[in-house]
A.B. asks: 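Let me give you the structure first, and then I'll get to my questions.
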Amino acid sequence: MLKFDVITVFPEYLAPLRLSLLGRAIEDGVLGLDVHDLRDFAHDKHQTVDDAPYGGGPGMVMKPEPWGEALDQLLTPESVLIIPTPSGRPFTQAQAQEYSAMPHLVFACGRYEGIDSRVASHYSSKVRVDEVSLGDYVLAGGEVAVLTIVEAVARLVPGVLGNEVSVQDDSFAQGAMENLVEGPVFTRPPVWRELEVPEILTSGDHAKIAAWRHLQAMQKTAINRPDLADS
Ligand code: SAM
């Protein structure tokens with residue numbers, strides 16, 4: 001079973017992880033999820049988790065002590081500690097696939113100007129620590145990044161999706177789709193507002209349909225993701 005532990009100052013932010021497919025997988029014991037309030041590990045009167053940055057400048061930085069206490073409790077030698085940050089390596093489907101085979105992922109949700117960098121340095125000598133970015137933009141906190149990463153990983157864990165085969169046809173999936181985005185998809189009715197479903201899709205010729213889909217994926221990749229098409 002893959003177990004997720006999430007540490008945050010906004011535990012309610014993670015509530016959507018208990019809905020839909022993931023919620024069912026957690027209920028069925030295919031996935032485990034615990035969300036921890038960082039303030040439970042801050043012991044002063046105001047349960048302070050932030051302080052002014054060394055070197056000056058605007059904003060606040062998350063103090064290392066509450067993180068240390070929380071992570072000492074949660075990490076085991078098999079854990080991977082994932083720290084979402086815009087300065088991390090870009091999160092990809094290949095990484096989601098790798099995480100989906102792991103036993104324990106621990107997420108540290110930053111807020112303000114981020115977490116004191118000594119937290120990542122300290123735990124790097126004990127477990128694998130991945131600083132992961134969702135993209136080239138800045139969110140207010142790590143919670144939305146964790147919702148995204150957990151959902152992308154969880155749907156690749158066997159037993160979470162109804163139809164395991166469908167993930168092989170997804171954009172970026174390992175194998176034939178690795179550097180491609182998926183092409184257009186259609187369902188009934190055959191004509192909607194004078195727009196017809198491509199005839200090939202109703203032909204019943206599976207080999208031709210597969211070849212058409214591959215061509216569509218290449219065309220869409222060339223238009224929307226020329227960076228992938230060149231790789
Ligand atoms: N001062 C930081 C910087 O410029 O790199 C940004 C801090 S941001 C306001 C607060 C938190 O949001 C970060 O610690 C991280 O947890 C999260 N965050 C923001 N943007 C992110 C991104 N693109 N990917 C992953 N996490 C992000």
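Residue numbers run from 1 in the order of the sequence given. Just follow the structure's listing: the first ligand is 1, and inside any ligand the first atom is 1. Because the structure is predicted, anything quoted here is derived from the model rather than measured.
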A.B. asks: Which residues pass the side chain to side chain contact (heavy atoms under 4.5 Å, CB included) test with Thr221, not counting sequence neighbours?
C.D. replies: Leu180, Val181, Arg225, Leu228, Ala229
A.B. asks: Could you state the interatomic distance from CG (Leu14) to CD1 (Ile7), rounded to the nearest 0.5 Å?
C.D. replies: 11.0 Å
A.B. asks: What are the polar N/O contacts of ligand 1 with the protein below 3.5 Å, with distances?
C.D. replies:
from	atom 1	to	atom 2	distance (Å)
ligand 1	1 (N)	Glu113	OE1	2.9
ligand 1	12 (O)	Gly141	N	3.3
ligand 1	16 (O)	Pro84	O	3.0
ligand 1	16 (O)	Gly110	N	3.3
ligand 1	16 (O)	Gly142	N	3.4
ligand 1	20 (N)	Leu139	N	2.9
ligand 1	23 (N)	Gly135	O	3.1
ligand 1	23 (N)	Tyr137	O	2.8
ligand 1	24 (N)	Leu134	N	2.9
ligand 1	26 (N)	Thr85	N	3.3

A.B. asks: Side chain to side chain contact (heavy atoms under 4.5 Å, CB included) with Tyr54: which residues, sequence neighbours excluded?
C.D. replies: none
A.B. asks: Could you tell me whether a side-chain N or O of Arg18 sits under 3.5 Å from a main-chain N or O of Ile26, the two making a donor and an acceptor?
C.D. replies: no
A.B. asks: Show which residues join Ile209 in its hydrophobic cluster (side-chain heavy-atom contacts under 4.5 Å, direct or indirect), or state none.
C.D. replies: Phe186, Val197, Ile200, Leu201, Trp212
A.B. asks: Quick one: closest heavy-atom pair of Glu131 and Ala120, and the distance?
C.D. replies: OE2-CB, 4.2 Å
